[in-house]
Amino acid sequence: MAPYTRKNVTALTRTERRRFVDALLQVKLRGEYDEFVRVHIDHYVADGDTGLRTAHMTPSFLPWHRQFVLDLERALRRVDDSVTVPYWDWTRDRSTRSTPWGEDLLGGDGRASDHRVTTGPFAYATGNWTIRESVTDADYLMREFGRPQAPIALPTAADLDDALSERTYDVAPWDSTSTKGFRNKLEGWGTGAGSASWRTHNRVHRWVGGHMLGGASVNDPVFFLHHAFVDLQWTRWQQRHAGARYVPARALGPGDAQRGRVVSRNERLPPWDVTPAQLEDVSDIYRYA
C-alpha cells in the first residue's frame with residue numbers, strides 16, 4: 001500500500017476538516033479516544049520517578065509519540081480511510097484566531113471565568129466531548145491561550161532551528177537536564193524558572209493551556225496536531241544530519257544511574273512491541289506535505 005500524506009492544517013479543504021472532526025467524534029463515541037488519554041497519563045513519568053521512562057524526559061520521547069499519533073491515526077482511518085492527522089506549524093500559524101481554532105475545526109479559546117471551551121465541535125455543550133479521563137474534576141475541555149496572567153509566546157522558527165542544528169540525537173544523562181542533543185532541545189526542558197524554562201514542544205503545551213498542561217493533555221485534540229508537527233521535525237533533523245541515529249544505541253551499562261530507566265535503540269518501547277529503531281523511518285506508512 002502506498003504511503004499516505006499528512007498535510008499542514010492550513011491546507012485542509014472544508015471537506016477534509018469536516019471528515020477529520022467527524023472521525024475524531026466517532027472515535028470518542030466508541031470509547032477509544034479516552035483510552036488514548038489513559039495511556040498518556042500512565043506513561044507521563046518524570047525524571048524524579050523510579051522505573052522506566054518512555055514518553056517524556058527521555059530519548060524515546062520522539063518514537064513513543066510517533067507510535068502514539070500513528071495509533072490514533074489508524075483509529076481515525078478505521079472510521080474514514082480518507083483521514084490523516086494534520087500538523088499545526090506553530091512557528092507560522094501563531095494567532096489565537098489561526099486555522100486550528102476555527103469553528104469548523106478545533107474551536108477557540110476557553111472563556112475567562114473557568115477556561116471552558118464554548119465554541120466549535122469539542123465544546124461541552126455539543127454533548128460530544130465530555131472529559132472522562134483527567135487529573136482534574138472538570139468534565140469540559142479547557143484552554144487558556146497565551147496565559148494572560150503570566151503571558152507566554154509560542155516558540156519561533158529560530159527556536160526550532162536551534163534544536164534542528166544539534167548534530168547528536170541525545171546525550172547523557174538522557175533526561176530533562178540534558179543541555180545538548182536534539183531530543184531535549186525539541187522536547188523543551190530548559191534551565192531556570194518561569195516561562196523561560198519552557199521551550200519548543202513544552203512551550204506550545206503551556207501556550208494552549210487548560211488540559212494541555214499535564215498528563216491529560218490528550219483530551220485536547222490539538223495534542224495530535226502539535227505532535228504531528230513535532231514528529232515532522234524528527235524527519236527534518238534526519239534529513240539535515242545524514243546518518244544520525246537514535247541514541248543510546250545499546251542498553252546502558254552497570255553503574256549508570258539511568259540503567260533500566262531509558263530505552264535504547266533496539267529495546268522494546270512499552271506499551272508496544274516495537275523498538276525505536278523500527279520507528280526511525282516510517283516513510284513507507286506516511287509522508288508530510
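Checked by atom type, the side-chain pair Asp22/Gln26 shows no donor-acceptor distance below 3.5 Å. A donor-acceptor pair shorter than 3.5 Å cannot be found between the side chains of Tyr286 and Glu73. Between the side chains of Arg287 and Thr5, no donor-acceptor pair of N or O atoms lies under 3.5 Å. A donor-acceptor contact under 3.5 angstrom links the side chains of Arg66 and Thr235, judged on distance only. For the residue pair Asp47 and Ser176, a side-chain donor N or O sits within less than 3.5 Å of a side-chain acceptor on the partner. No donor-acceptor contact under 3.5 angstrom links the side chains of Trp129 and Asn219, judged on distance only.
The closest side-chain heavy-atom distance from Leu160 to Trp90 is below 4.5 Å. Arg203 places a side-chain heavy atom less than 4.5 Å from the side chain of Pro155. For the pair Lys185 and Ser165, the minimum side-chain heavy-atom distance is 4.5 Å or more. At a threshold of 4.5 Å between non-hydrogen side-chain atoms, the residues Leu29 and Asn128 do not count as touching. A heavy-atom distance below 4.5 Å is found between the side chains of Phe68 and Phe223.
Ion pairing of Glu16 with Lys7 is present here, as a side-chain N (NZ or NE/NH1/NH2) and a carboxylate O approach within less than 4.0 Å. Using a cutoff of 4.0 Å between basic side-chain nitrogens and carboxylate oxygens, Arg17 and Glu103 are not scored as salt-bridged. Between Arg94 and Asp89 no salt bridge is recorded (no basic side-chain N to carboxylate O distance below 4.0 Å). We find that Asp231 and Arg6 are joined by a salt bridge, their nearest charged nitrogen and carboxylate oxygen being less than 4.0 Å apart. A salt bridge does not link Arg53 to Asp49: none of the charged nitrogens lies less than 4.0 Å from a carboxylate oxygen.
Separation of the His226 and His201 ring centroids falls under the 6.0 Å cut-off. Outside the 6.0 Å centre-distance limit, the rings of His40 and His227 are not counted as a close aromatic pair. Taking the six-membered ring wherever Trp is involved, the centroid distance between the rings of Trp234 and Phe182 does not fall below 6.0 Å.
In this structure Arg38 satisfies the side chain to side chain contact (heavy atoms under 4.5 Å, CB included) test together with Asp34, Glu35, Glu133, sequence neighbours excluded.
Within the 3.5 Å criterion, the main-chain N or O of Glu166 finds a donor-acceptor partner in the side chain of Trp237. Counting only distance, with no hydrogens or angles, the side chain of Ser197 and the backbone of Gly190 share no donor-acceptor pair below 3.5 Å. A distance-only check finds a donor-acceptor pair linking the side chain of Gln238 to the backbone of Glu280 [under 3.5 Å].
Listed by first then second residue, pairs satisfying side-chain hydrogen bond (donor to acceptor under 3.5 Å, both in side chains) with a partner in residues 144-160 read Thr156-Asp159, not counting sequence neighbours.
In the hydrophobic cluster analysis, where Ile, Leu, Val, Met, Phe, Trp and Tyr join through side-chain heavy atoms closer than 4.5 angstrom, Leu213 is grouped apart from Phe36.
The aromatic rings of His56 and Phe61 lie tilted to each other, with the angle between the two planes from 30° to 60°. Between Trp101 and Trp88, the ring planes are perpendicular. Angles over 60° get that label, and only those under 30° would be called parallel.
Under a cut-off of 6.0 angstrom, the local environment of CZ in Arg111 is crowded, with over 12 non-hydrogen atoms contributed by other residues, nucleotides or ligands. A 6.0 Å sphere centred on CG of Asp273 holds no more than 12 heavy atoms belonging to other residues, nucleotides or ligands.
Taking the centre and axis of the six-membered ring of Trp198, the NZ or CZ atom of Arg206 falls inside the cone set by 45° and 6.0 Å.
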